[in-house]
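These notes are about the structure you will find just below.
Treat the numbers as computed from the prediction; the structure is a model and nothing was measured. If you read the sequence from its start, that first residue is 1, and numbering goes on from there.
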Amino acid sequence: MIGADKTAEILRYFHAEQWPVGTIARQLGVHHDTVRRVLAAAGQVAGRQWVRGSQVEPFVPFLVATLEKYPTLRASRLYAMVRQRGYQGGPDHFRHIVARYRPTPPAEAYLRLRTLPGEQAQVDWGHFGKLTVGRATRTLWGFVMVLSYSRQIYLRFFFGNAMAHFLRGHVEAFAAFGGVPRVLLYDNLKSAVLERVGQAIRFNPTLLDLAAHYRFEPRPVAVARGNEKGRVERAIRYVRDSFFAGREPTDLSTLNADAARWCQQVAAARACPEDRSRTVADVFADERDKLLPLPDDRFPCDERVELVTGRTPYVRFDRNDYSVPHTHVRRPLTLFADDERVRITGDGVLVATHPRSWGKGEQLEDTAHIEGLVACKRAAREHRGLDRLQHACPTARAFFAAAASRQSNLGAITSGLTRLLDLHGPSELEAALQLTLVSGAAHLASVRQILEQRRHARGQTPPIAIPLSDPRARDLVVRPHRLDSYDLTPPEDDHDDTDA
């Protein structure tokens, strides 16, 4: 708004000095639209009189006639039409000309919508920027449901606006209200409306399941009729100004706890627009009894993902890894997730539970899962060692049976005999095992002592362990062959060494 003195100056410069609109706006420091509005209000100039004589003048009658017939025709299409008729001007200036001649539609009047208690609620999402969690940056969305009669607000923040969050917002809102409105009004968002042609609407089937469970009617507003859900639009604006402004959230749980308190205290204490003498909380107390009762069970709204584990005992979900028992590797699993927990089932049985991570690249492990895998690997190593010993030394099976009858530690015996096998070879170890069984002393120390005695009797030096670059070479067993089947006699010399 400008004052009367500025208005008088605009009119004086336009009539007395013959200044054009642009000069007046520049010299007085006001917008050129303000100058045009003052002149139009004074009845001194019409919109089409602002066009000076130029190359567009021959096309003005065509523009006026076309816009009267098609008032919403785009300026780009009109520009193409006049270009075909010989216009040589540029498109930018032409858009301003079209705006001057385009008929202004009459202002639309709206009825003030009134609802009965418990009859309707309005639902929508609000975008509230981003929040950094660990190495991840998450988009922060606010789910808002407002009761149309009392203006009671439910607010909850989510990392994203996926269908699972949309469902949970409904379920938590109904629990907070203590009942269900009969009609829920939505914008034409994909979580509610998949497709719409006029009044033919294809709802999201999951939303229909939710509506059937809680017995409410989902109802989308008309296209381009945001005023029909103005209560939730104003509620989101109120959330931005009264709750979120100046707030720097650090985690989702704290933010939602603060939002719940704000809804019950600050938002509920404001005056009700329908009755300024009462607060929203007072009106809501009357409306609560008019809501539909809650069903006995909650609607399942967890995220559900079908997974198949790989070679490691982890499943990947939402950019993080969660451990499972090693017995479920390479098996199909089902993951259920909410804002706080991740549950993993296999064949209908719960196999793992973890706190949900909203970061990125994190690895959440259950100590029991890792310990179980380590124990399994240790047992596998023992089995591999036992198989190797029995393959290299046939007497090893009888030796282990004798050691087991004495309640000896078979694991320690397996690792000890494996080391002796690497140092002395299979033939020496086989001989030592046979001697210990004959003497009735099936002990690891006895085997080691016999091997040392045999080596000393042959005058050999102590054996030296040779490190192997490939650990798999330890599992290779090479049995020595008997050499008495080979003809090792040196050949006779056929040449006569005597002088000829």
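Using modelled atom types, one side-chain atom of R215 and one backbone atom of P293 make a donor-acceptor pair closer than 3.5 Å. Formation of a donor-acceptor pair under 3.5 Å by the S439 side chain with backbone atoms of T436 is found in this model. Checking side-chain atoms of T345 against main-chain N and O of V351 turns up no donor-acceptor pair under 3.5 Å.
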- Message: Is there a side chain to side chain donor-acceptor pair (under 3.5 Å) between D251 and T254? Walk through the geometry before answering.
- Response: CA-CA 6 Å; D251 64 275; T254 302; 2.8 Å; yes

- Task: Check the pair E340 / L252 against side chain to side chain contact (heavy atoms under 4.5 Å, CB included), numbers first and verdict last.
- Result: CA-CA 10 Å; E340 291 83 23; L252 191 64; over 6 Å; no

- Yes or no on side chain to side chain contact (heavy atoms under 4.5 Å, CB included) for R304 and T334, after CA distance, side-chain angles and deciding distance? CA-CA 7 Å; R304 174 173 176 157; T334 304; 3.7 Å; yes

- Message: Walk me through whether Q363 and N320 qualify under side chain to side chain contact (heavy atoms under 4.5 Å, CB included).
- Response: CA-CA 6 Å; Q363 188 168 282; N320 296 291; over 6 Å; no

- Take R231 and E274 through the test salt bridge (Lys or Arg N to Asp or Glu O under 4.0 Å) and record every step on the way to the result. CA-CA 12 Å; R231 291 179 174 119; E274 298 294 335; 3.7 Å; yes

- Hey, mind stepping through M163 and E303 against side chain to side chain contact (heavy atoms under 4.5 Å, CB included) and telling me if it holds? CA-CA 9 Å; M163 191 65 191; E303 295 180 69; over 6 Å; no

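Between V144 and A235, the shortest heavy-atom distance links the atoms CG1-CB, 4.2 Å. Considering every non-hydrogen atom in both S242 and V266, the closest pair reads OG-CG1, 3.9 Å. The two atoms that bring C272 and Y149 nearest to each other are SG-O, 4.1 Å, heavy atoms only. For the residue pair R356 and A337, the shortest heavy atom distance occurs at NH1-CB, 3.7 Å. The minimum heavy-atom distance between I413 and S408, with the atom names listed, is CD1-CB, 3.7 Å.
A432 meets the side-chain contact (heavy atoms from CB on, under 4.5 Å) test with V447, I450, L451; sequence neighbours excluded. Listed by chain and number, the residues in a side chain to side chain donor-acceptor pair (under 3.5 Å) with T367 amount to none (sequence neighbours excluded). Judged as a ring pair (Phe, Tyr, Trp, His ring centres under 6.0 Å), and not counting sequence neighbours, F336 has no contacts. Take T279 and apply the side chain to side chain donor-acceptor pair (under 3.5 Å) test, not counting sequence neighbours, and it matches D282. In this structure, Y314 has no ring pair (Phe, Tyr, Trp, His ring centres under 6.0 Å) partners at least two apart in sequence or on a different chain. Residues that satisfy the side chain to side chain donor-acceptor pair (under 3.5 Å) test with E452, not counting sequence neighbours, are R455. Qualifying ring pair (Phe, Tyr, Trp, His ring centres under 6.0 Å) partners for F159, counting only residues two or more places apart in sequence or in other chains: W358. For H443, there are no ring pair (Phe, Tyr, Trp, His ring centres under 6.0 Å) partners two or more places apart in sequence or in a different chain. In this structure D338 satisfies the side chain to side chain donor-acceptor pair (under 3.5 Å) test with no other residue, sequence neighbours excluded.
Residues R319 and E362 are not in side-chain contact: their nearest non-hydrogen atoms beyond the backbone lie 4.5 Å or more apart. Taking the side chain as every heavy atom from C-beta outward, Q122 and D124 never approach each other to under 4.5 Å. Using a 4.5 Å heavy-atom cutoff, the side chains of L155 and F143 are not in contact. Side-chain contact between V315 and L335: present, with at least one pair of heavy atoms (C-beta onward) separated by less than 4.5 Å. L194 has its side chain out of reach of F203: every pair of non-hydrogen atoms, C-beta onward, lies at least 4.5 Å apart. In this structure the side chain of R343 reaches within 4.5 angstrom of the side chain of D302, judged on heavy atoms. Side-chain atoms of L417 and F400, non-hydrogen and from C-beta on, do get closer than 4.5 Å to each other. For the pair V232/M145, no side-chain contact is recorded, criterion being any heavy-atom separation below 4.5 Å from C-beta on.
D347 CG: 12 or fewer foreign heavy atoms inside a 6.0 Å radius. More than 12 heavy atoms of other residues, nucleotides or ligands lie within 6.0 Å of OH in Y154, so this atom counts as buried by the packing criterion. Atom CZ of R270 has more than 12 heavy atoms from other residues, nucleotides or ligands within 6.0 Å. Enclosure of atom CZ in R240 by more than 12 non-hydrogen atoms of other residues, nucleotides or ligands within 6.0 angstrom is indicated. The local environment of CZ in R276 is crowded, with over 12 non-hydrogen atoms from other residues, nucleotides or ligands closer than 6.0 Å.
Using a 30° and 60° split on the angle between ring planes, F158 and W125 fall in the perpendicular class, above 60°. Ring geometry for H369 against H354 counts as perpendicular: the plane angle is over 60°, on a 0 to 90° scale with 30° as the lower cut.
Screening residues 249-269 for ring pair (Phe, Tyr, Trp, His ring centres under 6.0 Å) gives Y238-W262, F243-W262 as the qualifying pairs, with residues at least two apart or on separate chains. Among residue pairs with one or both ends in residues 130-140, those qualifying as salt bridge (charged side-chain N to carboxylate O under 4.0 Å, His left out) are R138-D318; sequence neighbours excluded.
Separating the CZ atom in R234 from the CG atom in D241 is a distance of 13.5 Å, to the nearest 0.5 Å. Atom CG of residue L131 and atom OG1 of residue T250 lie 7.5 Å apart, to the nearest 0.5 angstrom. To the nearest 0.5 Å, the span separating CG on L350 from CD1 on I344 amounts to 8.5 Å. Here the straight-line distance linking atom CG of L147 with atom CD1 of I153 works out to 10.0 Å at 0.5 Å rounding. Put simply, OG on S191 and CG on L167 are 8.0 Å apart, with the number rounded to the nearest 0.5 Å. Taken from CG in D366 to OG1 in T353, the straight-line distance is 8.5 Å, to the nearest 0.5 Å.
No hydrogens or angles considered: nothing links the side chains of T115 and Q120 as a donor-acceptor pair under 3.5 Å. Between S323 and E365, the side chains place no donor N or O within less than 3.5 Å of an acceptor N or O (distance only, hydrogens not considered).
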What side-chain donor-acceptor pairs closer than 3.5 Å can you find for residues 170-185, not counting sequence neighbours?
unit_1: H170; atom_1: ND1; unit_2: F166; atom_2: O; d: 2.7
unit_1: H170; atom_1: NE2; unit_2: Y186; atom_2: OH; d: 2.8
unit_1: E172; atom_1: OE2; unit_2: R298; atom_2: NH2; d: 3.0
unit_1: R182; atom_1: NH1; unit_2: K290; atom_2: O; d: 2.7

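E287 and R151 are not joined by a salt bridge, as no carboxylate oxygen comes within less than 4.0 angstrom of a charged side-chain nitrogen. One finds a salt bridge joining R247 and D258 here, because a Lys/Arg side-chain nitrogen approaches an Asp/Glu carboxylate oxygen to under 4.0 Å.
The distance between the ring centers of W141 and F128 does not fall below 6.0 angstrom.
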